[in-house]
4 protein chains.
Amino acid sequence: MSSGTTPPAFDPKNMPFRRLGPTGLRVPLFSLGGWLTYGGSISGDPVKEIIKTAFDAGINMFDTAEGYASGKSEIEMGRVVRELGLRRTDLVISTKIYWGPKGGPNGNGLSRKHIIEGTKESLERLGLDYVDVIFAHRPDSTVPMEEIVRAFNFVIEKGWAFYWATSEWSARDIEEAYHVAEKLNLIAPIAEQCQHHMFHRERPEKEYLPLYKKYGLGTTTWSSLAGGLLTGKYNDGIPEGSRFKSTPQFYKDIVEKKPEGLEKIRKVKELTKFAQEELQTTPATLALAWVARQPNTSTVILGATSVEQLKENLKAVELVPKLTDEVLEKIERILDNKPAPIDTYSRLALDPLGRL
Amino acid sequence: MSSGTTPPAFDPKNMPFRRLGPTGLRVPLFSLGGWLTYGGSISGDPVKEIIKTAFDAGINMFDTAEGYASGKSEIEMGRVVRELGLRRTDLVISTKIYWGPKGGPNGNGLSRKHIIEGTKESLERLGLDYVDVIFAHRPDSTVPMEEIVRAFNFVIEKGWAFYWATSEWSARDIEEAYHVAEKLNLIAPIAEQCQHHMFHRERPEKEYLPLYKKYGLGTTTWSSLAGGLLTGKYNDGIPEGSRFKSTPQFYKDIVEKKPEGLEKIRKVKELTKFAQEELQTTPATLALAWVARQPNTSTVILGATSVEQLKENLKAVELVPKLTDEVLEKIERILDNKPAPIDTYSRLALDPLGRL
Amino acid sequence: MSSGTTPPAFDPKNMPFRRLGPTGLRVPLFSLGGWLTYGGSISGDPVKEIIKTAFDAGINMFDTAEGYASGKSEIEMGRVVRELGLRRTDLVISTKIYWGPKGGPNGNGLSRKHIIEGTKESLERLGLDYVDVIFAHRPDSTVPMEEIVRAFNFVIEKGWAFYWATSEWSARDIEEAYHVAEKLNLIAPIAEQCQHHMFHRERPEKEYLPLYKKYGLGTTTWSSLAGGLLTGKYNDGIPEGSRFKSTPQFYKDIVEKKPEGLEKIRKVKELTKFAQEELQTTPATLALAWVARQPNTSTVILGATSVEQLKENLKAVELVPKLTDEVLEKIERILDNKPAPIDTYSRLALDPLGRL
Amino acid sequence: MSSGTTPPAFDPKNMPFRRLGPTGLRVPLFSLGGWLTYGGSISGDPVKEIIKTAFDAGINMFDTAEGYASGKSEIEMGRVVRELGLRRTDLVISTKIYWGPKGGPNGNGLSRKHIIEGTKESLERLGLDYVDVIFAHRPDSTVPMEEIVRAFNFVIEKGWAFYWATSEWSARDIEEAYHVAEKLNLIAPIAEQCQHHMFHRERPEKEYLPLYKKYGLGTTTWSSLAGGLLTGKYNDGIPEGSRFKSTPQFYKDIVEKKPEGLEKIRKVKELTKFAQEELQTTPATLALAWVARQPNTSTVILGATSVEQLKENLKAVELVPKLTDEVLEKIERILDNKPAPIDTYSRLALDPLGRL
């Protein structure tokens with residue numbers, strides 16, 4: 001990663017930093033994800049410009065996965081970081097193991113074989129000796145938790161990662177990982193990379209609640225814009241051939257104009273109005289700042305396809321402190337979907353005083 | 001293992017895959033063993049053709065041992081896999097430690113010295129950095145179980161293998177390995193490579209039963225054809241100089257025409273008739289499919305000396321789904337040797353309701 | 001570290017050696033620190049002369065830190081040790097991790113990321129494969145103790161250090177580290193690098209008392225001369241622009257001629273007289289020997305900016321045996337600041353007989 | 001260790017092999033020590049001839065120490081093994097750490113620093129990647145047992161040795177090592193290298209008894225000939241300048257013709273007569289076979305200064321089976337120094353039935 005010239009020192013600018021869960025690792029409130037940026041929708045030097053812009057704006061955390069664009073996301077990220085001559089210690093780099101780009105019966109999931117082979121191949125594509133955090137990109141109920149925890153512990157003991165974490169695991173899965181780690185005296189996961197946006201709140205805001213309290217679990221959230229829905233660009237209908245339309249599960253009821261779908265569009269319109277009139281911003285900026293403002297968010301992963309889009313997203317950094325309790329309350333009234341308190345999970349329900 | 005051209009991607013075709021015991025590792029229902037194939041009975045490029053044929057038929061697991069043909073089996077397998085340019089992650093490679101090809105007072109068995117020295121030399125012969133599974137080829141009652149488990153754990157922590165397993169160990173030996181692993185917080189074995197065919201059923205179908213239930217133990221079975229007996233080729237008498245005749249223990253009573261031996265020949269004749277008339281197949285294909293169809297079989301190791309023989313064996317893949325419960329029942333009536341339920345082993349016997 | 005000629009064998013001369021806390025490591029009663037010596041106040045070959053003089057006088061322990069002169073202290077020490085051709089096994093080299101020279105959100109503190117990255121970069125600057133002792137240069141309350149202990153254990157298991165220790169940690173912090181290490185079966189810290197001089201006694205002489213008894217904690221003390229105050233050079237007033245004046249916290253009340261400050265000056269004058277008249281030495285030599293004479297001091301770290309100053313300091317070696325109980329009692333009467341016995345900490349207070 | 005030609009396969013001839021304590025490692029009943037052979041008393045190619053002669057006679061275990069001839073013993077042994085082209089797996093090589101050849105405050109003993117630095121330098125001198133067994137050459141009461149056990153465990157986990165053991169430790173020391181290893185889940189020592197001959201019996205035949213029973217401790221014994229006394233060569237008086245005379249402690253009372261000394265000479269004379277008349281052998285051969293015949297001896301380390309002497313010693317191999325219980329009983333009558341049974345140590349004394 002060394003170049004002939006002195007590498008540019010990282011300047012966090014006005015970017016706030018938070019500890020990633022129960023660790024000493026500092027992550028920027030907004031980080032850059034590799035899903036849209038690298039290899040996937042775009043290619044070539046735009047990637048370099050986007051990463052440079054992010055770094056110059058105080059973003060030093062870059063997230064990717066072995067499964068993004070069949071490994072090309074990792075290759076591109078590694079290449080750019082090298083070409084920009086960024087110092088490794090200035091960066092927080094994370095990748096995720098689950099969907100190996102080569103496929104095959106043992107090329108996916110969380111077997112010891114794939115966790116170790118996958119990590120080695122990710123590091124090769126990245127051109128790095130280690131990542132800071134390695135995520136299990138999904139749970140894998142076909143593998144005993146002991147095998148999973150032992151394998152990630154092996155990765156950490158080898159020096160290939162400093163921490164391991166989960167992505168889209170249920171609270172029960174994460175809890176089991178903690179128990180297994182404690183029982184076997186191994187290293188426990190530190191964070192969850194979970195979907196979190198104004199229309200996806202149950203898991204991060206309710207299901208994980210006991211984990212935040214008991215273990216200090218951190219979160220690295222994705223999909224803040226609900227696949228574009230929260231930018232307001234579908235307020236007047238869905239254009240043919242848009243990425244939005246082709247994503248079936250979440251938006252089916254919108255495309256098919258079912259009541260639940262129309263209700264979401266209605267709320268986005270209201271949020272758009274609120275953002276513009278009360279906060280002089282866009283609904284997209286508001287949606288990003290809103291996730292960042294949640295009490296258990298460690299970092300909000302941004303997914304930008306162009307420098308312009310990234311710069312647009314970065315406006316959220318300024319908006320976060322303006323989201324006062326009063327403003328948040330008004331947003332809740334528009335959304336009207338705040339998860340009810342837990343009453344059946346963990347020890348919370350057993351304590352009439354609400355203490356953990 | 002890289003070559004100038006893109007390696008051929010593995011295509012499992014219609015091969016079923018199962019988890020190997022309590023792990024996330026996927027193994028094909030039929031795998032290829034190195035006992036007959038490599039170095040031993042044949043040599044040169046036939047090995048390459050056999051492995052290529054197996055790979056093209058959906059077999060990605062290759063088993064060998066330091067003791068096969070004095071290490072030549074490992075050398076040949078490594079050479080062929082390299083020459084075929086197969087991707088390491090596509091393969092499940094296993095070897096077995098016990099009979100070191102060099103011999104000597106410390107060149108055999110399961111001492112820490114031989115497990116570590118033997119594994120290093122096996123990897124050298126194979127030309128690999130690691131195998132997927134390393135087996136203890138036999139139990140070694142002269143070595144404390146703690147030394148054995150610690151040594152295999154060392155091999156795994158060094159990254160030389162992902163899993164370790166046993167071969168031809170008694171249930172009591174395996175149970176002790178589990179207990180030692182649990183007590184010392186080390187990695188336990190995951191599978192047993194055991195002899196299993198229509199005339200060798202007590203151990204895999206009865207003795208190991210509690211281990212399947214308690215630990216999810218997997219099996220990689222060998223000798224499905226009972227050394228050729230179940231092909232029916234000895235139905236009309238044993239030719240002079242055949243391999244069969246020179247194997248003393250198991251077939252002694254057949255060669256010597258003792259009642260038990262003649263009874264076996266009678267059953268093979270009946271099975272031959274049943275296979276041909278009711279299933280339009282050969283007794284060999286039936287014998288292979290029958291082992292694969294057993295509930296605790298992870299993979300059936302095939303031993304082929306020619307491409308033709310391998311292709312013949314692979315017909316069993318199609319036969320397995322045709323072995324319905326009704327068909328199995330008819331076979332049991334012919335064999336008349338189903339092991340009686342356990343009544344003295346482990347906790348099974350203590351629970352009148354048959355629960356574990 | 002090898003050169004063409006035979007390296008000079010280390011000769012301890014009349015330097016006493018003590019075990020460093022509860023370990024088998026032997027350290028000289030006086031060692032050389034890198035704070036003033038290397039890179040900081042001076043540069044070039046004086047460093048070499050100072051280290052050579054120390055080594056020839058029986059000092060084989062050299063202490064530095066990643067934070068001293070932005071890493072230059074480590075670079076200089078490594079260079080000189082190499083150029084002098086000293087044998088690695090003859091030396092005890094320690095460095096400290098906390099203030100990484102590159103800064104940044106993750107370039108400081110005791111996160112797993114910084115402990116591991118920092119140690120690797122320290123070793124690179126030193127040009128060594130390992131140090132003997134690695135210190136946590138300060139406590140870091142933002143990082144869970146489990147993460148800190150696991151990371152230092154990782155450093156030791158990698159072979160990058162033989163022991164780890166703390167610097168300026170509270171007794172409670174150290175106690176927690178011991179408990180975590182014991183709970184997780186990891187390696188505990190062995191020593192504290194603490195400020196200890198005639199006007200800074202509470203922590204080393206009172207707060208740590210239970211740790212000396214319970215864990216055999218060692219100490220590597222610094223600032224024996226109280227930043228120059230105990231040399232007596234400020235007995236007649238503080239010159240403009242002196243380093244002393246620019247250090248605000250400790251000496252503020254002296255510079256501002258508050259009663260507490262004037263009292264200190266008065267005591268130094270008395271000590272000067274006592275040193276000269278009763279011991280035929282200087283107050284500086286007395287101050288150094290006095291710390292070395294304390295019962296729980298493992299090594300007193302000297303900070304010399306010139307060969308002359310070092311030689312002056314080394315006179316303390318001869319003075320130590322002359323500090324009899326009677327002499328110490330007279331000094332106590334001058335200082336009049338001996339910490340009172342602990343009455344609230346740990347089990348000491350619970351035992352009316354004063355046993356631990 | 002590879003040469004152009006095929007290395008000579010080891011042939012154990014008629015040498016018996018025993019397990020080394022509670023391990024799977026097989027050691028020859030007689031092994032070769034480096035104290036007299038290499039570097040010390042002789043030099044050059046005699047070493048090669050002696051090692052070759054030993055290997056050809058079925059001796060594949062060679063013992064040395066960092067402290068033998070200031071490291072030259074290790075250098076010579078490594079050179080010869082290389083030049084003879086012996087296969088590493090055929091050999092059992094042991095060395096011992098305690099008296100580092102370079103000396104210095106941290107160049108001796110059992111600190112973590114010296115165990116690790118010493119082992120690395122021993123392996124360098126030997127030109128090997130690992131030894132089979134590494135011994136703590138003496139106990140070190142200045143180092144906590146936890147540090148010692150952790151350091152040897154580190155050496156084993158690094159792959160630098162398969163087993164660790166002790167030399168001249170008291171039963172209490174060894175027992176503590178076992179307890180610490182068990183408490184911390186680390187690897188325990190497996191054997192003791194102890195002095196054992198007809199006039200030194202208390203420790204190996206009495207003090208260690210509970211350790212043989214409880215832990216299966218092995219022994220690698222040295223000084224079978226009592227420094228030459230048991231060869232009978234001093235039966236007629238001690239020549240001036242002999243090595244014997246210069247060893248003060250053990251033989252002082254002989255040289256000074258004290259009653260205890262004269263009594264020993266008397267017994268040697270009787271043994272000489274017994275050996276010649278009843279066994280047609282020499283007292284030296286008898287003394288060697290007698291130690292080998294003891295129930296808890298794993299291997300008797302021979303120290304030969306010439307091929308002739310080694311060949312003479314090797315006659316003991318043939319004598320061992322001739323030492324029937326009846327013959328042993330007669331020898332006991334001559335020696336009249338059989339240690340009394342333990343009555344105060346360990347649990348033995350607590351069990352009136354003599355069970356452990």
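In the text below, chain A, chain B and the rest are named by the order of the sequence lines, each starting its count at 1.
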I need the contact set between residues 155-166 of chain D and chain C: heavy-atom distance under 4.5 Å, sorted by residue number.
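Residues in range: Lys158(D).
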Chain D contact via [X] - side chain, backbone, both or neither, heavy atoms under 4.5 Å:
{"X": "Asn60(C)", "result": "side chain"}
{"X": "Leu186(C)", "result": "backbone"}
{"X": "Asp132(C)", "result": "side chain"}

Could you check which of Gly103(D), Pro105(D), Gly107(D) has the highest count of heavy-atom pairs closer than 4.5 Å to chain C?
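The option with the most such pairs is Pro105(D).
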Which one wins on heavy-atom pair count under 4.5 Å against chain C: Ile116(D), Asp140(D), Ile148(D)?
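Ranked by contacts with chain C, first place is Ile116(D).
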Asn185(D) atom CG, over 12 foreign heavy atoms within 6.0 Å:
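Result for CG/Asn185(D): enclosed.
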Looking at Glu83(D), I'd like to know if its CD atom is crowded, meaning that more than 12 non-hydrogen atoms belonging to other residues, nucleotides or ligands lie closer than 6.0 Å.
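Atom CD in Glu83(D) is crowded, with more than 12 foreign heavy atoms closer than 6.0 Å.
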Is the closest basic N to carboxylate O distance between [X] and [Y] below 4.0 Å?
{"X": "Glu121(D)", "Y": "Lys102(D)", "result": "yes"}
{"X": "Asp56(C)", "Y": "Lys13(C)", "result": "no"}
{"X": "Lys120(D)", "Y": "Glu124(D)", "result": "no"}
{"X": "Glu76(D)", "Y": "Arg79(D)", "result": "yes"}

Leu110(D) versus Trp169(D), closest heavy-atom pair with distance
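Residues Leu110(D) and Trp169(D), closest heavy atoms: CD1-CZ2, 3.7 Å.
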Taking the side chain as every heavy atom from C-beta outward, state whether Glu66(D) and Pro101(D) have any atom pair closer than 4.5 Å.
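Yes - at least one pair of side-chain heavy atoms lies under 4.5 Å apart.
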In terms of ring plane angle, is the pair Phe55(C) and Phe10(C) parallel, tilted or perpendicular, where the classes change at 30° and 60°?
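Taking Phe10(C) first and then Phe55(C), their aromatic rings sit tilted (interplane angle of 30° to 60°).
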In terms of heavy-atom proximity below 4.5 Å to chain C, should Arg150(D) be classed as side chain, backbone, both, or neither?
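The answer is the side chain of Arg150(D).
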